[in-house]
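The next block holds one structure in the form of structure tokens; read it before the comments.
Note that the structure is a prediction, hence the values are computed from the model and not measured.
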Amino acid sequence: MFYIFGINKRLKGKVERSIYFEGEMSNAVIKVYRFYFELFFIPLFPLHKTYSIYIPKTDTYFENNYFSKMPAKLLDICKDAGRNF
């Protein structure tokens, strides 16, 4: 499909950190996404960031977007990891 302009989500970075979750230390995979306004597939300006976190030890997955919310403690960890990107 060809379009002239639109909004697109791109993966900016992926970080693995150890966090304290549900009473024990576990590794978490944090992904940082950035939304861009694009014209002819060229990103013009960034709109906002979203985060996702996956904890393989407990098989838990959280996203921070329009339809799902992340716990505040995990959101702070994701925002700290997203400062690098």
Side-chain angles (χ1 to χ4, degrees):
M1 182 176 178
F2 182 74
Y3 66 89
I4 296 173
F5 62 90
I7 298 173
N8 195 5
K9 178 172 87 168
R10 294 185 180 198
L11 179 67
K12 292 304 288 182
K14 181 178 172 182
V15 178
E16 187 170 331
R17 290 214 175 152
S18 59
I19 62 170
Y20 191 72
F21 184 71
E22 292 183 353
E24 56 188 33
M25 291 297 287
S26 56
N27 291 332
V29 178
I30 300 169
K31 292 184 180 179
V32 180
Y33 297 96
R34 178 73 106 166
F35 280 83
Y36 288 98
F37 182 78
E38 293 185 343
L39 181 65
F40 293 111
F41 302 105
I42 300 169
L44 294 179
F45 55 88
L47 297 175
H48 64 277
K49 288 183 185 178
T50 59
Y51 308 98
S52 70
I53 187 168
Y54 175 65
I55 304 167
K57 191 171 189 178
T58 59
D59 199 34
T60 308
Y61 181 77
F62 292 106
E63 280 186 325
N64 184 30
N65 56 20
Y66 298 116
F67 303 110
S68 63
K69 297 297 176 195
M70 186 182 299
K73 185 177 179 181
L74 293 177
L75 183 61
D76 291 338
I77 293 169
C78 289
K79 283 184 179 180
D80 184 46
R83 293 182 211 277
N84 299 332
F85 303 107

Check whether any side-chain heavy atom of [X] lies under 4.5 Å from a side-chain heavy atom of [Y], and answer yes or no.
| X | Y | result |
| --- | --- | --- |
| Lys57 | Asn27 | no |
| Asp80 | Arg17 | yes |
| Ile4 | Phe40 | yes |

Q) Between Asn64 and Leu74, is a side-chain contact (heavy atoms from CB on, under 4.5 Å) present by the stated rule, with each step listed? A) CA-CA 10 Å; Asn64 184 30; Leu74 293 177; over 6 Å; no

Q | Name of the residue among Pro71, Ser68, Cys78 meeting side-chain contact (heavy atoms from CB on, under 4.5 Å) with Phe62 | A | Pro71

Would you say [X] and [Y] are hydrophobically clustered, going by side-chain heavy atoms of ILVMFWY under 4.5 Å?
| X | Y | value |
| --- | --- | --- |
| Phe5 | Leu44 | yes |
| Met70 | Ile55 | yes |
| Tyr20 | Ile77 | no |
| Val32 | Tyr36 | no |

Q | Lys73 bridged to Asp76 by N-O distance under 4.0 Å | A | no

To the closest 0.5 Å, what do you measure between [atom1] ([X]) and [atom2] ([Y])?
| X | Y | atom1 | atom2 | answer |
| --- | --- | --- | --- | --- |
| Lys49 | Tyr51 | NZ | OH | 5.0 Å |
| Leu47 | Lys9 | CG | NZ | 13.5 Å |
| His48 | Arg34 | NE2 | CZ | 9.5 Å |
| Leu11 | Thr50 | CG | OG1 | 9.5 Å |
| Lys79 | Ile30 | NZ | CD1 | 13.5 Å |

Q.
For a side-chain contact (heavy atoms from CB on, under 4.5 Å) check, start with the C-alpha distance between Ile53 and Tyr61, then their side-chain angles and the critical distance, and finish with the verdict.
A. CA-CA 6 Å; Ile53 187 168; Tyr61 181 77; over 6 Å; no

Q. Would you call the rings of Phe37 and Phe45 parallel, tilted or perpendicular if under 30° counts as parallel and over 60° as perpendicular?
A. parallel

Q: Show your reasoning for whether side-chain contact (heavy atoms from CB on, under 4.5 Å) applies to Lys14 and Val29.
A: CA-CA 7 Å; Lys14 181 178 172 182; Val29 178; 3.6 Å; yes

Q: Could you give me the CA-CA distance, side-chain angles and deciding distance for Val15 and Phe85, then say whether side-chain contact (heavy atoms from CB on, under 4.5 Å) is met?
A: CA-CA 10 Å; Val15 178; Phe85 303 107; 3.5 Å; yes

